[in-house]
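Notes follow once the structure below has been shown.
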Amino acid sequence: MPGGARTRRCRSVAAWIRRRRLEAARRDLVDPALRSCPVHAVAARWGFPRAADFSRAFRTAYDITPTEYRSRAAAADTSPRC
């Protein structure tokens with residue numbers, strides 16, 4: 001296998017894994033049962049041991065910081081329901 005094809009495949013596999021981890025962390029950030037869990041703990045749970053790396057990756061993926069995402073979700077969750 002030529003080196004270029006292998007590098008592209010590895011990058012795409014790595015990107016897929018990173019997306020899956022970010023999606024799982026995003027779900028946990030809005031889970032009411034995990035609301036008291038700090039953002040850095042959610043990040044570490046999904047393989048991001050450095051909070052800064054997690055924040056940067058999350059913001060790149062979703063155009064919002066993890067803390068702001070959690071705050072907006074919590075604010076939306078407290079709206080009155082019929």
Side-chain angles (χ1 to χ4, degrees):
M1 174 184 303
R6 181 177 181 176
T7 301
R8 280 191 303 274
R9 186 173 67 181
C10 290
R11 239 185 280 146
S12 63
V13 169
W16 179 81
I17 292 168
R18 185 180 199 103
R19 278 193 312 271
R20 295 291 304 257
R21 290 170 38 216
L22 283 168
E23 290 167 6
R26 185 173 67 158
R27 281 192 308 271
D28 281 0
L29 287 170
V30 298
D31 184 339
L34 298 174
R35 205 170 270 162
S36 65
C37 187
V39 172
H40 72 272
V42 171
R45 176 180 179 175
W46 291 106
F48 294 93
R50 294 181 52 201
D53 293 341
F54 173 66
S55 290
R56 191 170 18 266
F58 193 95
R59 185 174 190 131
T60 299
Y62 303 114
D63 294 323
I64 191 170
T65 66
T67 302
E68 183 64 24
Y69 181 77
R70 179 180 256 181
S71 296
R72 287 185 185 181
D77 191 37
T78 60
S79 61
R81 290 186 169 70
C82 296

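Throughout, numbering of the chain's residues begins at 1 and tracks the sequence. Here the structure is a predicted model, which means the values were calculated and not measured.
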(request) Let me see the working for Tyr69 and Tyr62 under side-chain contact (heavy atoms from CB on, under 4.5 Å), right down to the final yes or no. (result) CA-CA 9 Å; Tyr69 181 77; Tyr62 303 114; 5.8 Å; no
(message) Can you tell whether the side chains of Glu23 and Arg19 come within less than 4.0 Å, N to carboxylate O?
(response) no
(request) Following the transitive rule for hydrophobic clusters with a side-chain heavy-atom cut-off under 4.5 Å over Ile, Leu, Val, Met, Phe, Trp and Tyr, establish whether Val39 and Trp46 coincide in one cluster. (result) yes
(message) What's the separation between atom CG in Leu29 and atom CD in Glu68, rounded to the nearest 0.5 Å?
(response) 12.0 Å
(request) Indicate the atoms forming the closest heavy-atom contact of Cys37 with Val42, along with that distance. (result) SG-CG2, 4.0 Å
(request) Kindly work out whether a path of hydrophobic side-chain contacts (I/L/V/M/F/W/Y, heavy atoms less than 4.5 Å apart) joins Leu22 to Ile17. (result) no
(request) Measure across His40 and Ala51 and return the closest heavy-atom pair with its distance rounded to 0.1 Å. (result) CB-CB, 4.1 Å
(message) To check you understand the geometry: which heavy-atom pair defines the closest contact between Asp53 and Arg18, and what is its length?
(response) O-NH2, 4.4 Å
(request) Provide the closest heavy-atom pair for Leu34 versus Arg70 in the form atom of the first, atom of the second, distance. (result) O-NH2, 3.0 Å
(request) Look at the side-chain heavy atoms of Ile, Leu, Val, Met, Phe, Trp and Tyr, link any pair under 4.5 Å apart, and say whether Phe48 and Val30 land in one connected group. (result) yes
(message) Counting neighbours of CZ on Arg21 that are heavy atoms of other residues, nucleotides or ligands and sit closer than 6.0 Å, is the number greater than 12?
(response) yes
